[in-house]
S.K.: 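For reference, the structure I am asking about is given below.
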Amino acid sequence: MKLDGVPLNLDVTLCCGQVFRWDKKGDWWYGVAGGKALKVRQVSGELEFANADAKFVETYFGLDDDLQEISAAVGRDEHIRQALREFWGLRIIRQDPWECLISYICATYKNIPAIRHMLLSLSSKFGEKTVLDGMEFFTFPAPEKLAGATAKDLLECGLGYRAKYVLETSKRIFENDFELASLRQLPYEQAKKQICRFAGVGPKVADCVLLFSLGKTEAFPVDRWIERVILNHYVEKLPPELAQKLNQRVGLTNSDYAKLNLFGREYFGEYAGYAQEYLYHYERMKT
DNA sequence: TTCCAGGGAGTAT
DNA sequence: ATACTCCATGGA
């Protein structure tokens, strides 16, 4: 597939912490999406792929997002512009909402290597095996599979206290035949309120699901790294008492979260989620 | 060994 | 509404 001047940096996009189940072997990235294993690689202005159709690849990697327009919209200061330059071509991937929801419930209070380990364990234990290029891959387990798991099964995958949240949320989705994708049709605030009703889901997890799987580019997830970014570069734009609280590195209350989240959305605008992901990766790569 | 992690829920004010 | 506490595990 010719990219025809469409900026894409596959390496950054797949390793910046928005998706957890892609691996690079040689110059190919291998992953499982759309229910099967596929591989993609980028060769000078061309995106090559196998075991997937072009339409899926285009949608999954968000190639229809106009990165130039997004960059112009969010490039409000020198710091974000530096992040945009450094990691130009990073795109927000359109993940499957179900996998995304479970992934970010698991992601709470964990670092990325540990999250990858949990999701790999879950998939190999409850997913369907599939083979590509002689290597084994596993689809992400369907709601039915996780809803039927025991707490012990999930604990063995390393989920810890998250096991009961994954179990409870899986049961609700499976038993009610809940269609997460239908939340796309709701405006940001309403969709967020609905997602927050699931066990183990608060405002941060909800923002991740909205941004990474439901097309809400205005979502602005605030985690420890983004707190750090705001503290180091945007603190003067906050109310003094919130700035001081951020300085003390104490846990955020829901109202603190709402204020930081609102700052991001108002300052960066309708593509705040893109700004967030560039800033997040930039901050993580600094140390 | 100690600290920290893509936070959220439960409980007491 | 707000503050405080606990949570289960593994990477650095």
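Note on naming: letters A, B, ... go to the chains in the order of the sequence lines (proteins, then strands), and numbering restarts at 1 for each one.
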S.K.: Taking only residues two or more places apart in sequence, or in another chain, which ones meet Ala50(A) in a side chain to side chain contact (heavy atoms under 4.5 Å, CB included)?
M.R.: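 Here the qualifying residues are Lys39(A).
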S.K.: Which part of the nucleic acid does Val222(A) contact within heavy-atom distance under 4.0 Å: base, sugar-phosphate only, or nothing?
M.R.: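 The answer is nothing, as Val222(A) stays clear of every strand by at least 4.0 Å.
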S.K.: Rounding to an integer number of angstrom, what distance separates dA5(B) and dC7(C) when you compare their C1' atoms?
M.R.: 13 Å
S.K.: Quick test of the criterion, 5.5 Å between centres and less than 30° between planes. Is Tyr109(A) stacked on dG7(B) or not?
M.R.: yes
S.K.: In whole Å, what is the span from the CD atom of Glu227(A) to the C1' atom of dG7(B)?
M.R.: 10 Å
S.K.: Categorize Ile105(A) for me: base, sugar-phosphate, or nothing, with a 4.0 angstrom heavy-atom threshold over every strand shown.
M.R.: nothing
S.K.: A quick test of your reading: do over 12 heavy atoms of other residues, nucleotides or ligands sit less than 6.0 Å from NE2 of His233(A)?
M.R.: yes
S.K.: Would Arg76(A) count as a cation-pi partner of Phe268(A), with NZ or CZ less than 6.0 Å from the six-membered ring centre and within 45° of the ring normal?
M.R.: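 Not satisfied by the 6.0 Å and 45° rule.
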S.K.: Once you apply a heavy-atom cut-off of 4.0 Å, does Glu283(A) come out as touching a base, just sugar-phosphate, or nothing?
M.R.: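 Since no nucleic acid heavy atom lies under 4.0 Å of Glu283(A), the category is nothing.
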S.K.: Closest nucleotide of DNA chain B for Gly200(A) versus for Cys16(A): which of these residues is on the 5' side?
M.R.: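 Its nearest nucleotide being more 5', the pick is Cys16(A).
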S.K.: On a whole-Å scale, what distance lies between the C1' atoms belonging to dC3(B) and dA8(C)?
M.R.: 16 Å
S.K.: Got more than 12 heavy atoms from elsewhere within 6.0 Å of NZ, Lys286(A)?
M.R.: yes
S.K.: Please state how far atom CG in Leu119(A) lies from atom P in dG6(B), giving the value in whole angstrom units.
M.R.: 13 Å
S.K.: Tell me what Gly17(A) touches on the nucleic acid: a base, only sugar-phosphate, or nothing, going by heavy atoms under 4.0 Å.
M.R.: base
S.K.: Surrounding NZ of Lys24(A) (heavy atoms of other residues, nucleotides or ligands, distance under 6.0 Å), is the total greater than 12?
M.R.: yes
S.K.: How many whole angstroms separate atom CG of Asn254(A) from atom C1' of dG7(B)?
M.R.: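 These atoms are roughly 10 Å apart.
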S.K.: Quick one: is Lys245(A) getting a side-chain N or O under 4.0 Å of the dA3(C) phosphate, OP1 or OP2?
M.R.: yes
S.K.: Just the rounded figure in Å: distance from P of dG7(B) to CG of Leu260(A).
M.R.: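 Rounded to whole Å, this separation is 14 Å.
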S.K.: Select from Arg162(A) and Cys196(A) the residue whose nearest nucleotide in DNA chain B is closer to the 5' end of that strand.
M.R.: Arg162(A)
S.K.: Tell me whether the OP1 or OP2 atom of dT2(C) has a side-chain N or O from Ser255(A) closer than 4.0 Å.
M.R.: yes
S.K.: If I take atom CE in residue Met118(A) and atom C1' in nucleotide dG10(C), what distance separates them, rounded to the nearest angstrom?
M.R.: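 It works out to 9 Å between those atoms.
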S.K.: Can you measure Tyr257(A) atom OH to dG6(B) atom P for me and round it to whole angstrom units?
M.R.: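 Nearest whole value for this atom pair: 15 Å.
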S.K.: Which of these nucleotides, dG11(C), dA3(C), dG7(B), is closest to any side-chain atom of Val205(A)?
M.R.: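 Within the option list, the nearest is dG7(B).
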S.K.: Transitively linked via ILVMFWY side-chain contacts under 4.5 Å: Tyr274(A) with Leu84(A)?
M.R.: yes
S.K.: Tell me, please, which residues at least two apart from Glu277(A) pass salt bridge (charged side-chain N to carboxylate O under 4.0 Å, His left out).
M.R.: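 Here no residue qualifies.
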S.K.: Report yes if a side-chain nitrogen or oxygen of Arg228(A) is closer than 4.0 Å to either non-bridging phosphate oxygen (OP1 or OP2) of dA5(B); otherwise report no.
M.R.: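 The answer is yes; a side-chain N or O of Arg228(A) sits under 4.0 Å from OP1 or OP2.
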S.K.: Starting from P on dG7(B), measure out to CG on Asp223(A) and report it in whole angstrom.
M.R.: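 Interatomic distance, CG of Asp223(A) to P of dG7(B): 6 Å.
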S.K.: Pick the nucleotide of DNA chain C nearest each of Thr108(A) and Ala114(A); which residue has the one closer to the 5' end?
M.R.: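 Upstream on the strand: Thr108(A).
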S.K.: Please determine, for the side chain of Tyr161(A), which listed nucleotide (dG8(B), dG7(B), dG6(B)) has the closest atom?
M.R.: dG7(B)
S.K.: Does a donor on one side chain sit under 3.5 Å from an acceptor on the other, for Asp207(A) and Tyr257(A)?
M.R.: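 Asp207(A) vs Tyr257(A): donor-acceptor pair found between side chains.
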S.K.: How long is the line joining CD of Glu168(A) and P of dG10(B), in whole Å?
M.R.: 8 Å
S.K.: Expressed in whole Å, how much space separates the C1' atoms belonging to dT1(B) and dG11(C)?
M.R.: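 Between the two C1' atoms, the distance is 14 Å.
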S.K.: What integer number of Å spans the C1' atoms of dC4(B) and dC6(C)?
M.R.: 16 Å
S.K.: Applying a 3.5 angstrom cut-off to the pairing atoms, does DNA chain C sit in any stems of at least three consecutive Watson-Crick or G-U pairs? List them by first number.
M.R.: B:2-5 with C:9-12, B:7-13 with C:1-7
S.K.: When all nucleic acid strands are considered with a 4.0 Å heavy-atom cut-off, which category describes Tyr280(A): base, sugar-phosphate, or nothing?
M.R.: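 Result for Tyr280(A) = base.
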S.K.: Nearest 0.5 angstrom please: Trp225(A) CH2 to His281(A) NE2, how far?
M.R.: 11.5 Å
S.K.: Among the candidates dG8(B), dG6(B), dA5(B), find the nucleotide nearest to the side-chain atoms of Arg224(A).
M.R.: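 Output: dA5(B).
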S.K.: Could you please name the option among dA9(B), dA5(B), dG8(B) that lies closest to any side-chain atom of Asn111(A)?
M.R.: dA5(B)
S.K.: Would Tyr104(A) count as stacking on dG6(B) if stacking means ring centres less than 5.5 angstrom apart and planes tilted under 30 degrees?
M.R.: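 Tyr104(A) vs dG6(B): stacking no.
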